[in-house]
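Along the sequence shown, residues are numbered consecutively beginning with 1. Just so you know, these numbers use all the heavy atoms, side chains as well, and skip hydrogens, waters and symmetry mates. Just so you know, these numbers come straight off a predicted model, no measurement behind them.
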Amino acid sequence: MKLIFEKSVPGRGCGLLPACDVEAVSLPAGLEREVPPALPEMSETDVSRHYTELCQHVHGVNCGFYPLGSCTMKYNPRIDEEMAALPGFTAVHPLAPADATIGCREVLDTAKRYLCEITGMDDMTFQPAAGAHGEFTGVLLIKQYHDARGDSKRRKIIVPDSAHGTNPATAAMCGYEVVNIASAPNGCVDLEALKAVLGDDTAGLMLTNPNTVGIFDDNILEITRLVHKAGGLCYYDGANLNAVMGVVRPGDMGFDCIHMNLHKTFATPHGGGGPGSGAVGCKAHLAPYLPKSALLDGGDGIQVRGFFGNFLVVVRALTYVMTLGREGVPEAARNAVLNANYLMAKIRGAFAPAFDRPCMHEFVLDLGQFKKETGVSALDVAKSLIDYGMHPPTMYFPLIVHEALMLEPTETESKETLDWAGEVFHKLADLAREDPEFMHNAPHNAQIGRPDEVRAARNPVLRYRKA
């Protein structure tokens, strides 16, 4: 389709804005533009049709199966949006007097109480704006703890090779040396490899549990015990909290702090880079180091964002938790685990799981051997799924599985949808053996064909230039 600038017709327009009801004020001459902005000129009908066409070109969870999972596309109940749109929340100012923000403070206090209960933590901040920002804040808590005790020799953060890529980046940004440890053959932390790198220079461990291949580590209590014995602290990456929320608590596993992606686990539409919240919880011994607002709280503590973070995301998260209730939160987690194991069982026989054992909320397919036999790669399969109206799953991640497809169906998909998805994977496995060239050129029925992804990454066209 054409860009809106290409549809522009000189002199065309529409009156969408009401007449100005206040005195007009002109800018000083030195601040005015020399030429008018190059905005598109279109009628109201043309504008409406343009954005409707754009909408029809987008695949979302409301269009069909989206196995990218809770990371970006899970079900987000409309009631969450309605609560976040209440004028008392949208019109509040962070510097408003206390008697004008009682309801907002109650939202923050209630959300903190519920989320601390779910995670097994003692205190929490909502300042961080996203997951990686929450990681950064959590590792800063660990850093401040060691610095306050004068334990300056602790300069290393241990990160498993199955971790999210943001983990080592976060540790490096906080000034730590990153120590990677290899996974055991079962996809979990190799205890002997962990023991080999622990020492009096260990500041902490960053770990996701269940991990990136969708497995709950059987040795989690021993892992955190070993790190604590060495004098380090344990940070929990909450990216996969959707699998265990209300069932088991990171605080009870031995973790000292955690970040949560409220925008994924507790409902906010995050696909397309929408607002996020990387809330950080911690045990009592780290609570004194939580971020404070320099303007509202005073003091010399760290501040990672203005005021209380993305407040409306917290409103959505609290609504989600209160709607589900004490019974609904663990039910959602159990259904996510059930759906993932069911879909893995349906696909088994067409493609091989990387770790053929019960999974949690997600599982990884390993197409390495399949590619050797057919010449069809994980990318070919992912692109072919588009022709069936299914959004591709995560590709080539985690890095420890070279031809990886990671599927996370989430708790809200029906048995019928999962049965259909399993059938599609079996059809593609057969097609790969019958006509691999057809799959090399997929998708065939999408708005665009397969792009040159290397060229798009290295030479992206991010700006329209008028001829």
Side-chain angles (χ1 to χ4, degrees), residues 1-4 47-85 130-131 239-243 261-277 310 312-313 315-317 319-320 323-324 332 335-336 339-340 343 361-363 378-379 381-397 405-425 428 442-451 453 456 462:
M1 62 178 290
K2 290 183 177 181
L3 299 175
I4 193 170
V47 171
S48 176
R49 288 175 179 171
H50 174 76
Y51 285 102
T52 299
E53 187 180 5
L54 276 177
C55 179
Q56 293 169 342
H57 286 193
V58 173
H59 184 94
V61 73
N62 56 320
C63 302
F65 187 39
Y66 209 118
L68 265 177
S70 65
C71 290
T72 48
M73 284 291 179
K74 66 179 287 177
Y75 172 61
N76 298 289
R78 288 298 304 169
I79 190 174
D80 303 346
E81 296 302 308
E82 293 172 7
M83 294 302 101
N240 293 341
L241 189 63
N242 199 55
N261 299 319
L262 299 188
H263 50 272
K264 57 175 282 191
T265 307
F266 299 102
T268 285
H270 193 51
S277 176
N310 285 336
L312 296 180
V313 180
V315 173
R316 292 180 177 96
T319 306
Y320 184 77
T323 302
L324 291 180
N335 285 344
N339 278 358
L343 182 57
H361 63 303
E362 64 188 8
F363 61 94
L379 177 64
V381 172
K383 295 297 185 182
S384 297
L385 291 172
I386 298 173
D387 286 331
Y388 286 86
M390 187 190 310
H391 194 284
T394 300
M395 297 180 289
Y396 298 109
F397 184 80
L405 288 178
M406 183 168 69
L407 287 90
E408 182 180 358
T410 79
E411 67 277 5
T412 49
E413 294 296 348
S414 67
K415 178 179 179 297
E416 291 76 15
T417 296
L418 300 179
D419 286 338
W420 166 79
E423 291 173 5
V424 169
F425 274 91
L428 292 179
H444 300 276
N445 302 318
Q447 295 290 344
I448 62 171
R450 189 181 302 198
E453 298 188 10
L462 304 177

Decide whether E411 and N242 meet the rule of one side-chain donor and one side-chain acceptor closer than 3.5 Å. yes
Can a donor-acceptor pair be found, under 3.5 Å and without considering hydrogens, that links the side chain of T417 to the backbone of E413?
no
Worksheet entry | pair F425-L385: side-chain heavy atoms closer than 4.5 Å | yes
| said: Side chains of H391 and I386, heavy atoms from C-beta outward: is any pair under 4.5 Å? | reply: no
Full working for side-chain contact (heavy atoms from CB on, under 4.5 Å) between Y66 and H59 = CA-CA 8 Å; Y66 209 118; H59 184 94; 3.8 Å; yes
Closest heavy-atom pair, G131 versus N261, reported as atoms and distance to 0.1 Å, is CA-OD1, 2.9 Å
Check your understanding: Does any non-hydrogen side-chain atom of P67 lie less than 4.5 Å from one of P409?
Key -> no
*Please step through side-chain contact (heavy atoms from CB on, under 4.5 Å) for the pair L262 and T268, ending with a clear verdict.*
CA-CA 7 Å; L262 299 188; T268 285; over 6 Å; no
> What's the verdict on side-chain contact (heavy atoms from CB on, under 4.5 Å) for M390 and W420, showing C-alpha distance, side-chain angles and the deciding distance?
Replying inline: CA-CA 10 Å; M390 187 190 310; W420 166 79; 3.7 Å; yes
**Q.** Flag side-chain contact, heavy atom, 4.5 Å: V58 against C55
**A.** no
So CE of M83 and OG1 of T323: to nearest 0.5 Å the spacing works out to 8.5 Å
For D387, the salt bridge (charged side-chain N to carboxylate O under 4.0 Å, His left out) test, sequence neighbours excluded, returns none
| message | I want to check something: taking the side chain as every heavy atom from C-beta on, are M406 and F363 in contact at a cut-off of under 4.5 Å? | response | no
For L68 and P392, the nearest pair of non-hydrogen atoms, with its separation, is CG-O, 3.7 Å
Stepwise, does the side-chain contact (heavy atoms from CB on, under 4.5 Å) test hold for I4 with Y51? CA-CA 9 Å; I4 193 170; Y51 285 102; 4.0 Å; yes
- Parallel, tilted or perpendicular: which describes the rings of F266 and Y320, with under 30° parallel and over 60° perpendicular? perpendicular
Residue set satisfying side chain to side chain donor-acceptor pair (under 3.5 Å) with Y396, at least two apart, ordered chain then number -> E403
d(T394 OG1, L407 CG) to nearest 0.5 Å is 8.0 Å
Answer yes or no: is there a side-chain heavy-atom contact under 4.5 Å between R316 and H263?
no
inquiry  = Any non-hydrogen side-chain atom of L241 less than 4.5 Å from a side-chain atom of K264?
reply    = no
d(T319 OG1, E82 CD) to nearest 0.5 Å is 10.0 Å
N339 meets the side chain to side chain donor-acceptor pair (under 3.5 Å) criterion, sequence neighbours left out, with none
NE2 of H50 to CG of L3, rounded to nearest 0.5 Å, is 7.5 Å
N240 and E362 have their tightest heavy-atom pair at ND2-OE2, 3.7 Å
| Do E453 and K383 meet the salt-bridge criterion of a basic N to acidic O distance under 4.0 Å? | yes
inquiry  = Counting C-beta onward and ignoring hydrogens, is there a side-chain heavy-atom pair between Y388 and F65 closer than 4.5 Å?
reply    = no
- Query: Do side-chain atoms of N310 reach the backbone of G276 as a donor and acceptor pair under 3.5 angstrom?
  - Reply: yes
